[in-house]
Structures are given as structure tokens and as C-alpha cells.
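Structure, as C-alpha cells:
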Amino acid sequence: MTADVPESHPRYESLVTRHRIEEGVDKGITSRQGLIAQGRGEAFDYLLGERTIPSADAAQRAAAAHLLLADHAVLSVNGNVAALVPGETVELAEATGADIEVNLFNRTDERMRAIADHLREHGATDVKGLTADGRIPGLDHARAKVDADGIGDADVVLVPLEDGDRAEALGEMGKTELVIDLNPLSRSARAADVPIVDNVIRAVPGITTHARDLADEDDETLEGIVSEFDREQTLAAAERAVRNGGDGNGSGTGAESDESAPSKGPVE
């Protein structure tokens, strides 16, 4: 399907990414609602200039530090994440020692197995989520179902893409939340300890790069990175970038101005 899009097309990266979501639906990995979420995310990424702004890069570094410091970190995966960054998610898990767990709103046994198999095809050796012997309090839908020895036991959870009610519920459980969401005004981003306002296809590899760079640092250095991160200023910088069409007025995290960040990839 992607072979029909010439690389010379000005929206090549975006079209290829859309095809990944379409193929995910065909494979039973992504729900049809995921197509709508894809379009919404793409609109925000367009406003950000389809790039990782400095405040998002700083958030990725803080997220990497959290994952490396965690006693038990878990990367949560839904259908869109499985379609867009399966191998990248496995690489992040390997770089940080995190577990991978499938967690879905539109949950069926077939989709759960399809996503788990898809992740294994991309190198995952252990995928949690199928046992579902734990529960997130306060949720009345399928996202409440988790593995007791996975998200249920985690102290740090990476929650990619929009998931506001679960983000709030995990916060109530006292877990540290790292949220990837292109909308800085969403409940997900605002509930996060570390809101990463970026496209998931840039954010996940970005966190991995930082994790590898920080792998040999001591806990004191990692804790310093965590304590220096300012979530409110990060959200404010991202909102400015969205409102100004990608031109922010500083990252709010000690990074360079958001308006000077280079483009790093396609839209979500």
C-alpha cells in the first residue's frame, strides 16, 4: 500500500504513517476509532510544525530518567501504538528494562492476542496484558483491566496517546505517569507527571536515545534531571507552539527557544 506513494510527494511521511494505521485496522490491531484519533493527532502535529520542539525533547529526557530510576516501569501499548511504533517500543523496553503491556478501550481477546503477537514479531519476548488479573480503580470500562504484575504493580507507566480517564486514575493510584499526547490541553497531558507533547513516532525513539545516553549515569544525576523538569512550563511552551503555528517563545525547561527546533519526522 505504501509503495503507491512516491517519496517525492510533499506529504510522503504523513501518508505512509496513515497507511500504517489503515494496515493496523486490516490486521485487527487498530480499532476503527483509531483512525479518528490519528486524524486529530495529525492536526495538532501540523500546528507544531511536524517537529520535536525543545520542550518536548526535554520531556523525553526526563521520561528516560524516570524509566531508568523506576523499580518497575511499564510501557502501555494500544492499537495505534502497536501499528505505528512496535519495534521502537521494544527498543525502549530493552533500553530501560521496562515491561510491555497491552491495554485497550475496545478490548477483545482477538485484538489482545493480535497485538501481543505483532509485538513479538518485532522482538518482544514477554508481553503482558492478557492475564488481566488486576484492576485500575475508578474505571468502568475495559481499560481498567491490567495485569497485577504489570501496570498494577508498576511505579512508573508510559501512557502513549490520548487516554485521559486512565491517566487520571493511574495518578490516583500514586503512579508516576509519562504521557505522550500531541494536545497540550488534553486531560492526558495535564494529568501527567511528564507530558510529552510530540508525535509518538518521534517521541518513543527520542526517549530511547536519551535512555541510552543516560544509561551510565548515577541515580543522583538522574534524580537531578527529574527534579529540574517543570511540567507546567512544558505544557505552556507546547500550547504557545500550537497557538503560534509552531513558533513558541522558549521551552520553559532550560532548552533553546521552541521556534528554533528542526523538523524530525512525519505526523501521527
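If you read the sequence from its start, that first residue is 1, and numbering goes on from there.
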Taking atom types as modelled, find out whether [X] and [Y] have a side-chain donor-acceptor pair closer than 3.5 angstrom.
X	Y	result
Gln60	Asp198	yes
Ser76	Arg166	yes
His72	Asp153	yes

Quick test of your reading of the model: are [X] and [Y] salt-bridged, counting only N-O distances below 4.0 Å?
X	Y	answer
Arg143	Glu168	no
Lys27	Glu23	no
Arg231	Asp193	no
Asp45	Arg202	yes

Candidate list Leu104, Asp165, Asn106, test side-chain contact (heavy atoms from CB on, under 4.5 Å), partner His141, passing option: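 Answer after filtering Leu104, Asp165, Asn106: Asp165.
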
Determine the minimum heavy-atom distance between Pro205 and Glu88, stating which atoms define it.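 Minimum heavy-atom contact is CG-CG, 3.9 Å.
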
Atom of Val74, atom of Ala154 and distance for their closest heavy-atom approach: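 In this case the closest contact between Val74 and Ala154 is CG2-CB, 3.6 Å.
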
Start with the C-alpha distance between Asp181 and Ser186, add both sets of side-chain angles, then the distance that settles side-chain hydrogen bond (donor to acceptor under 3.5 Å, both in side chains), and finish with yes or no. CA-CA 8 Å; Asp181 193 326; Ser186 74; 2.7 Å; yes

Could you tell me whether the side chain of Glu177 and the main chain of Val157 form a donor-acceptor pair under 3.5 Å?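 It does not hold such a pair.
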
side-chain hydrogen bond (donor to acceptor under 3.5 Å, both in side chains) between His210 and Asp57, worked out: CA-CA 9 Å; His210 283 298; Asp57 183 66; 3.0 Å; yes

Would you find more than 12 non-hydrogen atoms of other residues, nucleotides or ligands less than 6.0 Å from Glu223 atom CD?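 Yes, because the 6.0 Å sphere around CD of Glu223 holds more than 12 heavy atoms from other groups.
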
